[in-house]
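First comes the structure, then the notes that go with it.
All of these numbers come straight from a predicted model, not from anything done at the bench.
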Amino acid sequence: MLFVSIERSPTILGKVISFDGSEALRIKGVKHVIKTERKMPHRAVEAVAVVADTYWAALKGRRALKIKWDAEGSDKISTDKYFENLRELAKTEGFEYKDDKAGDFAKAFGESAKKVEAQYETPFLAHAPLEPENATVWVQGDKVEIWAPIQGPDGLIPQVAGYLNIKPENVKINVPFMGGAFGRKAYNDYVMEACHVSKQIKAPVKVIWTREDDMTQGPFRPGMLNAFQGAFDAKGALTAYNHKIVGGSIQHQVFGNPLKNVPDDWAGEGSGLGDSPYEIPNRRQSFHLAETDIPIVWWRSVYASTNAFGHESFIDELAHSAGMDPLAFRLNLLADSPRFSRVLQKLAQKSDYHQKLPENKAIGIAIARSFATIAAHAVTVSKQGDGVKIEKVVSVIDCGMTVNPDNIKAQTEGNIVMGITAAIKNGITIKEGKTEQTNFHEYNVLRMTEIPAIEIYVVDNMEAPGGVGEPGLPPIAPALCNAIFNLTGKRIRTLPFDIDKIV
């Protein structure tokens, strides 16, 4: 087996104009310097691979490469321009999600006595698994054997077969344990790279990405904008609610699904008419596709992580606008949804929600259903200098019948840590086609000393089982931001934010 390190374009659309591997080939252990490719949606991105008998030699050889790149319009790609486009699209109507029970939002909104409007933005994010992407592949004529940490081996078989033009039954996949994935290793570009190199040099190869490769190359969680309108009648009842989702479509980019299917990619995750049963007589949900060359893919809890932040934050805004306690406001809207109500009532009990807190402390809540599981968090925060400290998170999760409660709690703890990280640490930003964050010194994650006290309670019932690997993440950011509003009076509508500079 030989080791491979691959130099990819520093910009999103870059192509290889020419390369000189002579210096790399002088390094002891380097065997080949070849042009290769990384298969991305709708295109293959060119790259240069250094093949050696040790990984260190391959990496040293890669650093010695001289490559001339054609940026091919990448200089026009930036996250700033992307979000500017989202804000413009939000001013117009998109695809409406049809529901016979949705009522007439336009009529109710037009006739309302009080209107509330807000927009929420969430950034592009890297997955940053502890173990970067890697794959060991041996292509032997019309057969291939693969060893790789992949999330979907069943889906990889036809992909590899089609890529190498061989029969699916000639693809053998060995799946080892993986050191983190969060959606990234359900996207198999790194496996295709190894296939391409192995086929060229006719030997087994192990491709290993560096941390910088993982951080800069993507694909990423898409940046999204969620726009809301709410309205009350003269008696103070919430009569109208509009949720407009604007951003990139993973299904559209990864699979090339036609535009008419885009709403199905976004609908229902954490906030849709199906997943959020708040009883509001007139509701509308719509979608705007923002085409982008920035590569995007699934990230833990997918669109529930972006939708629910805006949805549950805006529900809180409506509660305060109505002059009601946020918990009571939600329970009033969930009168016909007993499972949701039980989760919130248990959350209130376990978090001492109704207990009077000192002036320098506050509590905020949020609830969301995703992947057929209901999760709710109560976050307690306190003032600390010019910022806020997260004191405690109390969680209640109803995932139906349970098998291993300890695993449910472990997954929920991971979701809480990852969700807080996404709220208060760095997002991914792109300027002139190049990712600005390269490693953990620029893309921070929550440190052990920053993790608050966490209590998790699992609802005991015999309902149909739901997922537990992702549903704990969507409600954590809105619960945190709702707590901060209750503490400071400042409403956070854009993530990430600096938790040390709020007050």
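- Side-chain contact of Asn486 with His320: a donor-acceptor pair under 3.5 Å is present, judged by distance alone.
- Within the 4.5 Å cutoff, the side chain of Asp398 has no heavy atoms near those of the Arg342 side chain.
- Closest of all the heavy-atom pairs between Tyr353 and Asp325 is OH-OD1, 2.9 Å.
- The pair Glu121-Arg493 does not meet the salt-bridge criterion, since no charged nitrogen lies less than 4.0 angstrom from a carboxylate oxygen.
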Practice problem: Show your working on side-chain contact (heavy atoms from CB on, under 4.5 Å) between Phe314 and Tyr241 and close with a plain yes or no. | Solution: CA-CA 10 Å; Phe314 189 65; Tyr241 182 89; 3.6 Å; yes
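- Thr412 has its side chain out of reach of Val468: every pair of non-hydrogen atoms, C-beta onward, lies at least 4.5 Å apart.
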Practice problem: Assess whether side-chain contact (heavy atoms from CB on, under 4.5 Å) is satisfied between Ile424 and Phe497, documenting all intermediate values. | Solution: CA-CA 5 Å; Ile424 69 173; Phe497 64 93; 3.6 Å; yes
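- Taking CD1 of Ile476 as the reference point, atom OG of Ser395 lies at 6.0 Å (rounded to 0.5 Å).
- Atom NZ of Lys107 has 12 or fewer neighbouring heavy atoms from other residues, nucleotides or ligands inside a 6.0 Å radius.
- Counted by atom type alone, Asp104 and Asn282 present zero donor-acceptor pairs between their side chains at under 3.5 Å.
- A pairwise comparison of heavy atoms in Asn226 and Thr306 identifies ND2-O, 3.7 Å as the closest pair.
- The backbone N or O of Ala108 lies less than 3.5 Å from no partner atom in the side chain of Thr239, so there is not a single donor-acceptor pair.
- Side chains of Gln437 and Thr429: a donor-acceptor N/O pair is present below 3.5 angstrom, by distance only.
- Note that OG1 of Thr421 and OH of Tyr443 are 8.5 Å apart. Values are rounded to the nearest 0.5 Å.
- At least one donor-acceptor pair under 3.5 Å links the side chain of Asn415 to the backbone N or O of Gln411.
- Listed for the Gln151 side chain is a donor-acceptor partner under 3.5 Å among the backbone atoms of Ala186.
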Exercise. Output, in order, the C-alpha distance, side-chain angles, deciding distance and verdict of salt bridge (charged side-chain N to carboxylate O under 4.0 Å, His left out) for Glu193 and Arg8.
Key: CA-CA 11 Å; Glu193 281 183 327; Arg8 304 166 187 86; 2.8 Å; yes
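- Not a single donor-acceptor pair under 3.5 Å links the side chain of Asn439 to the backbone N or O of His441.
- One finds a salt bridge joining Arg330 and Glu312 here, because a Lys/Arg side-chain nitrogen approaches an Asp/Glu carboxylate oxygen to under 4.0 Å.
- What you find for Lys185 and Gly179 is that their closest heavy atoms are NZ-O, 4.3 Å.
- A donor and an acceptor atom, one from each side chain of His252 and Glu291, are located under 3.5 Å apart.
- A salt bridge links Glu450 with Lys425: at least one charged nitrogen is closer than 4.0 Å to a carboxylate oxygen.
- At a threshold of 4.5 Å between non-hydrogen side-chain atoms, the residues Glu470 and Leu473 do not count as touching.
- Screening Ile430, Leu13, Asp293 against Ser74 for a side chain to side chain contact (heavy atoms under 4.5 Å, CB included) leaves a single residue, Leu13.
- A donor-acceptor pair under 3.5 Å links the side-chain atoms of Thr435 to the main chain of Thr216, judged by distance alone.
- The backbone N or O of Asn404 sits nowhere less than 3.5 Å from a side-chain atom of Thr402 that would complete a donor-acceptor pair.
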Exercise. Step by step, work out the ring pair (Phe, Tyr, Trp, His ring centres under 6.0 Å) result for Phe124 and Tyr82.
Key: CA-CA 10 Å; Phe124 288 86; Tyr82 173 84; 4.8 Å; yes
Quiz item: Stepwise, does the ring pair (Phe, Tyr, Trp, His ring centres under 6.0 Å) test hold for Tyr97 with His243?
Solution: CA-CA 10 Å; Tyr97 186 78; His243 182 182; over 10 Å; no
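- Although no hydrogens or angles enter the test, the distance criterion places no donor-acceptor pair under 3.5 Å between the side chain of Asp189 and the main chain of Arg38.
- In this model, a donor atom of one side chain and an acceptor atom of the other lie less than 3.5 Å apart for Asn482 and Arg491.
- Side chains of Thr210 and Asp213: a donor on one and an acceptor on the other come within 3.5 Å.
- The structure places CD1 of Ile77 at 7.5 Å from OG1 of Thr11, a figure rounded to the nearest 0.5 Å.
- Distance alone, capped at 3.5 Å, places no donor-acceptor pair between the His377 side chain and the Gly364 backbone.
- With 3.5 Å as the limit, one finds no donor-acceptor pair spanning the side chains of Arg283 and Asn242.
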Self-check item: Pair Ser321-Lys114, side-chain hydrogen bond (donor to acceptor under 3.5 Å, both in side chains): steps then yes or no
Solution: CA-CA 9 Å; Ser321 183; Lys114 185 178 184 180; 3.1 Å; yes
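- Within the model, atoms OG1 of Thr373 and CZ of Arg339 stand 7.5 Å from one another, a figure rounded to the nearest 0.5 Å.
- Cation-pi geometry between Lys490 and Phe485 is not satisfied (NZ or CZ under 6.0 Å from the ring centre, within 45° of the ring normal).
- With hydrogens and angles ignored, the 3.5 Å screen pairs no side-chain donor or acceptor of Ser313 with any backbone N or O of Gly310.
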Practice problem: Would you sort out whether Ser305 and Arg221 count as a side-chain hydrogen bond (donor to acceptor under 3.5 Å, both in side chains), showing the intermediate values? | Solution: CA-CA 10 Å; Ser305 72; Arg221 184 188 80 168; 3.0 Å; yes
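- The pair Lys409-Asp406 does not count as a salt bridge, with every side-chain nitrogen at least 4.0 angstrom from each carboxylate oxygen.
- Looking only at side-chain heavy atoms (C-beta outward), Gln119 and Leu225 come within less than 4.5 Å of each other.
- Of all heavy-atom pairs spanning Ala113 and Asp233, the tightest one is CB-C, 3.7 Å.
- Within the cation-pi definition used here (under 6.0 Å to the ring centroid, within 45° of the axis), Arg184 qualifies as a partner of Trp209.
- Looking at Ser112 and Lys115, their side chains do bring a donor and an acceptor atom within 3.5 Å of each other.
- A side-chain donor from one of Glu131 and Asn134 sits under 3.5 Å from a side-chain acceptor of the other.
- Taking the centre of each ring, His127 and Tyr187 stay at or above the 6.0 Å mark.
- The closest side-chain donor-acceptor pair between Ser276 and Arg369, if any, does not fall under 3.5 angstrom.
- Here the NZ-CG distance, from Lys91 to Leu86, works out to 12.0 Å after rounding to the nearest 0.5 Å.
- Under a cut-off of 6.0 angstrom, the local environment of NZ in Lys346 is crowded, with over 12 non-hydrogen atoms contributed by other residues, nucleotides or ligands.
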Quiz item: Can Tyr120 and Phe309 be said to form a ring pair (Phe, Tyr, Trp, His ring centres under 6.0 Å), step by step?
Solution: CA-CA 8 Å; Tyr120 289 80; Phe309 168 61; 5.4 Å; yes
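- Rounding to the nearest 0.5 Å places CG of Leu487 at 7.5 Å from CG of Asn360.
- Under 3.5 Å, the side chains of Ser382 and Glu391 contain a donor-acceptor pair of N or O atoms.
- The minimum heavy-atom distance between Pro123 and Pro496, with the atom names listed, is CG-CD, 3.7 Å.
- For Arg300 (side chain) and Gly469 (main-chain N/O), a donor-acceptor pair under 3.5 Å exists by modelled atom type.
- Counting heavy atoms of neighbouring residues, nucleotides and ligands inside a 6.0 Å radius, atom NZ of Lys434 does not exceed 12 of them.
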